[in-house]
Amino acid sequence: MNIKVIKGDITRLEADAIVNAANSSLLGGGGVDGAIHRAAGKELLAECRLLGGCKTGEARITKGYNLKAKYIIHTVGPVYHDREDDEILLSNCYKNSMDLALENNIHSIAFPAISTGIYGYPKEKAAKVAVSALNDWTSEHSDYDIEIILVSFDDTTYKLYNTLISKE
């Protein structure tokens, strides 16, 4: 599995695509979603208005506009309720984002820690779901060459990702 972990600002990355932890309207919000919308510019909001929203676990793709990334893949993570379907929905965010990457010939993709901000998903559980989902996807698509970057904004998430990746 070709996954690397970095600590930093996802909006400044040079990758074919960055993933936005969006809300279901896709019209911007707080956290990483707001940061991506601000950095990409008003054209992103205009394109997102045409998409008609996005359900939890699904993903949509737009241009990157003012970002270094060519594309933004928007996915809506679950609000954490400590239910079994939380894990399924979060896993689907990663898998559906990767499917869009494949469909759009994307060979480098950067993910934030989806659902770990205001949506309240515990960081350790979310990191395990992310690494597991990405490992499953890359195993199923072993012939597809893609670099996956897990971007952490804080030390805790950075350490969690590194610990999990080193066990793979």
Side-chain angles (χ1 to χ4, degrees), residues 1-51 54 58-77 90 93-124 126-131 133-135 137-138 144-166 168:
M1 181 165 58
N2 188 12
I3 295 182
K4 74 179 187 179
V5 180
I6 65 166
K7 186 178 170 205
D9 181 349
I10 198 167
T11 66
R12 297 174 184 259
L13 283 187
E14 290 190 38
D16 293 343
I18 63 169
V19 176
N20 180 16
N23 61 48
S24 60
S25 75
L26 301 181
L27 302 180
V32 73
D33 188 18
I36 288 173
H37 270 266
R38 284 188 300 277
K42 63 184 180 206
E43 297 89 355
L44 175 60
L45 180 60
E47 184 176 355
C48 284
R49 282 196 172 108
L50 303 175
L51 297 177
C54 184
E58 294 181 1
R60 304 285 183 269
I61 191 167
T62 63
K63 294 176 186 171
Y65 298 101
N66 297 333
L67 298 174
K68 292 178 183 176
K70 183 176 181 182
Y71 298 104
I72 303 166
I73 296 176
H74 308 265
T75 191
V76 181
L90 184 57
C93 289
Y94 289 91
K95 291 177 181 177
N96 289 327
S97 295
M98 292 298 293
D99 287 344
L100 276 178
L102 177 65
E103 290 168 23
N104 290 277
N105 200 32
I106 290 167
H107 291 281
S108 59
I109 185 169
F111 285 92
I114 299 166
S115 283
T116 61
I118 197 165
Y119 285 11
Y121 214 110
K123 290 178 182 182
E124 188 170 349
K128 286 179 181 174
V129 171
V131 171
L134 293 169
N135 191 26
W137 193 93
T138 55
Y144 190 70
D145 181 36
I146 187 164
E147 177 186 37
I148 301 167
I149 306 160
L150 295 175
V151 182
S152 57
F153 198 69
D154 62 88
D155 289 331
T156 302
T157 306
Y158 180 78
K159 289 173 186 169
L160 284 168
Y161 282 147
N162 275 308
T163 300
L164 291 166
I165 297 298
S166 68
E168 292 296 318

Residues which pass side-chain contact (heavy atoms from CB on, under 4.5 Å) with [X], listed by chain and number, not counting sequence neighbours:
| X | value |
| --- | --- |
| E147 | N2, K4, S108, I149 |
| A59 | I73, T75, N96, S97, L100 |
| K70 | none |
| D33 | N20, A22, N23, H37 |

Show me the donor-acceptor pairs, under 3.5 Å and distance only, between side chains in residues 43-50 and residues at least two apart or in other chains.
residue : atom : partner : partner atom : Å
E47     : OE1  : K63     : N            : 3.2
E47     : OE1  : Y65     : OH           : 2.5

- Message: A quick test of your reading: do over 12 heavy atoms of other residues, nucleotides or ligands sit less than 6.0 Å from CG of L51?
- Response: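 Count over threshold, so yes.
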- Message: Quick check on K159: does its NZ atom have over 12 non-hydrogen neighbours (other residues, nucleotides or ligands) under 6.0 Å away?
- Response: no
Can you see which heavy atom on [X] is nearest to which on [Y], and at what distance?
| X | Y | value |
| --- | --- | --- |
| I114 | C93 | CD1-CB, 4.2 Å |
| A101 | I146 | CB-CD1, 3.9 Å |
| V32 | A21 | CG1-CB, 3.5 Å |
| A110 | L13 | CB-CD1, 3.4 Å |
| Y161 | L150 | CD2-CD1, 3.6 Å |
| A113 | T157 | CB-CG2, 4.0 Å |

For [X], what residues pass the salt bridge (charged side-chain N to carboxylate O under 4.0 Å, His left out) criterion, not counting sequence neighbours?
| X | answer |
| --- | --- |
| K95 | none |
| K128 | E124 |
| D155 | K7 |

- Residues two or more places apart in sequence or in another chain: which of them pass side-chain hydrogen bond (donor to acceptor under 3.5 Å, both in side chains) with D145? none
- Not counting sequence neighbours, which residues clear side-chain hydrogen bond (donor to acceptor under 3.5 Å, both in side chains) with D9? List them please.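 In terms of side-chain hydrogen bond (donor to acceptor under 3.5 Å, both in side chains), with neighbours along the sequence ignored, D9 is linked to T11, R12.
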- Query: Tell me, which pairs form a side chain to side chain donor-acceptor pair (under 3.5 Å) where one or both residues lie in residues 109-119, sequence neighbours left out?
  - Reply: none
Rounded to the nearest 0.5 Å, what separates atom [atom1] in [X] from atom [atom2] in [Y]?
| X | Y | atom1 | atom2 | result |
| --- | --- | --- | --- | --- |
| H74 | R60 | NE2 | CZ | 10.5 Å |
| I36 | I72 | CD1 | CD1 | 6.0 Å |
| D16 | N104 | CG | CG | 10.5 Å |

- Which is it for Y121 and V129 under the side chain to side chain contact (heavy atoms under 4.5 Å, CB included) test, yes or no, and what are the steps along the way? CA-CA 11 Å; Y121 214 110; V129 171; 4.1 Å; yes
- Query: Side-chain contact, heavy-atom cut-off 4.5 Å: I106 with I61?
  - Reply: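 Of all side-chain heavy-atom pairs linking I61 with I106, at least one is under 4.5 Å.
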- Message: Run I148 and W137 through side chain to side chain contact (heavy atoms under 4.5 Å, CB included) and show every step you take.
- Response: CA-CA 11 Å; I148 301 167; W137 193 93; 5.6 Å; no
- Item | All ring pair (Phe, Tyr, Trp, His ring centres under 6.0 Å) counterparts of F111, not counting sequence neighbours | Y94
